[in-house]
Amino acid sequence: MRLATWNINSLKARLPRVEAWLAELEPDVVCLQETKLADAAFPALTFRALGYEAVHHGEGRWNGVAILSRVGLEDPEFGFGGDTAEADPEARLVWATCGGVRVASAYVPNGRSLDDDHYQYKLRWLARLRDLLASTADPSDPVVVAGDFNIAPTDEDVWDPAEFVGATHTSTAERAALAELESWGLTDTFRLRQPEPGLYSWWDYRAGNFHKHKGMRIDLVLGTRPVADRVTFATIDRNARKGQQPSDHAPVIIDIAD
DNA sequence: ATGGTAGCGCTGCTA
């Protein structure tokens, strides 16, 4: 099974590129983030014509997550579940079982700055994800949580860690929240196969950062042991960050042996 | 160099 995650920064703006990319890379399961679409505007028929079932969780203007699958798509769930009082006010998490793997597409809050309420929302959001996994899943089962985590796991995942002192994406609390997910039973599957530093999945649109190799690895495919032990190949598709109207993120792709 | 670009949508927020 080939599984990918890609923050596409508006599916409306990116649909032609996503269609061409599906035909070229032939992923079986795709986790998308930042669709920026309401559910009614999600182009399910376009994906169906390409052989993919899909589930989408969106609010319209911001956020929005989806899963595409050509190996079956069952038991979709949205957000953290529970009643409306506990519902996430933003559309950042969707689940489905695809080809025997319980898959989540996650768009972790950015955090904005360490003194912003949104940063506390980010930390709470990650803790809720950890609690949800602990209460609804088992680390001995095949589970993948893939998406834009807005966290660089280590300093080797950032072009210049000094630029992020006092900022989000590298703070101790964020990395601790990620470590809590790992302590439950998730592994950074890309890092398992690609140990070298300086491999990034996001580059700011501004100041020519992509061409200066000033990026961060913040898009992760986390998998439980049954998944991680079967990962045969991992890559970041930098070509998807080039050319006309790219997203500011590149897809992360994992191949999992049957 | 306290900037820069992209998306949404029409004003400024979000990233």
Side-chain angles (χ1 to χ4, degrees), chain A residues 5-21 30-43 46 56-66 79 88-94 105-126 129 146-153 157-171 173-175 177-178 200-220 236-252:
Chain A
T5 183
W6 193 7
N7 179 324
I8 47 166
N9 186 20
S10 168
L11 184 54
K12 183 180 177 184
R14 218 67 62 208
L15 185 57
R17 283 195 70 129
V18 172
E19 289 184 72
W21 177 84
V30 184
C31 297
L32 299 174
Q33 301 86 39
E34 279 207 87
T35 63
K36 296 185 176 179
L37 293 178
D39 289 332
F42 181 76
T46 299
H56 179 257
H57 180 40
E59 61 199 64
R61 188 171 181 185
W62 289 308
N63 311 309
V65 285
D88 189 346
E90 302 184 354
R92 297 180 172 277
L93 186 65
V94 66
S105 178
Y107 178 41
V108 177
N110 174 287
R112 298 177 192 161
S113 68
L114 300 187
D115 60 357
D116 196 304
D117 287 345
H118 203 254
Y119 179 71
Q120 296 305 320
Y121 170 54
K122 181 180 195 173
L123 296 178
R124 284 197 304 273
W125 199 96
L126 288 160
L129 177 58
D148 176 0
F149 281 76
N150 273 311
I151 301 171
D157 301 307
V158 186
W159 84 91
D160 182 5
E163 293 216 18
F164 285 86
V165 173
T168 59
H169 290 63
T170 66
S171 73
E174 287 164 87
R175 285 174 170 170
L178 182 58
Y200 306 136
S201 66
W202 171 84
W203 303 259
D204 199 307
Y205 282 122
R206 296 169 286 189
N209 276 9
F210 177 70
H211 301 286
K212 297 174 186 170
H213 310 294
K214 295 171 74 168
M216 289 200 284
R217 191 175 69 91
I218 57 177
D219 299 275
L220 309 176
I236 295 173
D237 179 17
R238 289 172 48 90
N239 286 330
R241 183 60 175 77
K242 302 175 183 174
Q244 292 290 310
Q245 283 192 291
S247 170
D248 46 351
H249 295 252
V252 180

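Chain identifiers are assigned alphabetically (A, B, ...) following the order of the sequence lines, protein sequences preceding nucleic acid strands; residue numbering begins at 1 within each chain. Computed from a predicted model, the values in this text were never measured in an experiment.
When the nearest nucleotides of DNA chain B are assigned to A:D204 and A:L11 by heavy-atom distance, the more 5′-ward of the two goes with A:D204. Where A:Q245 and A:W202 each meet DNA chain B at their nearest nucleotide, the meeting point lying more 5' is that of A:Q245.
In plain terms, the two heavy atoms of A:L93 and A:V65 that are nearest each other are N-CG2, 3.5 Å.
Panel note: side chain A:W203, backbone A:H213; no donor-acceptor pair is recorded below 3.5 Å. A side-chain donor-acceptor contact under 3.5 Å links A:S247 to the backbone of A:N7.
The interatomic distance linking A:D248 (CG) with B:dG4 (P) rounds to 18 Å, in whole Å. Atom CG of A:N209 is separated from atom P of B:dG3 by 16 Å (rounded to the nearest Å). To the nearest angstrom, P of B:dG7 lies 19 Å from CD of A:E59.
Nucleotides B:dG12 and B:dT2 have their P atoms positioned 22 Å apart, rounded to a whole Å. Between the C1' atoms of B:dT14 and B:dC10, the separation comes to 15 Å (whole Å).
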Extract from the structure each pairing of a protein N or O with an N or O of nucleotides 12-14 of chain B at less than 3.5 Å, listing the distance.
{"from": "B:dG12", "atom 1": "N2", "to": "A:R61", "atom 2": "NH2", "distance (Å)": "3.1"}

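Applying the salt bridge (Lys or Arg N to Asp or Glu O under 4.0 Å) test to pairs two or more places apart or on separate chains, none has a residue in residues 236-251 of chain A.
To the nearest 0.5 Å, atoms CD1 (A:I8) and CD (A:Q33) are separated by 8.0 Å.
With no hydrogens or angles considered, no side-chain donor-acceptor pair links A:Y200 and A:N209 at under 3.5 Å.
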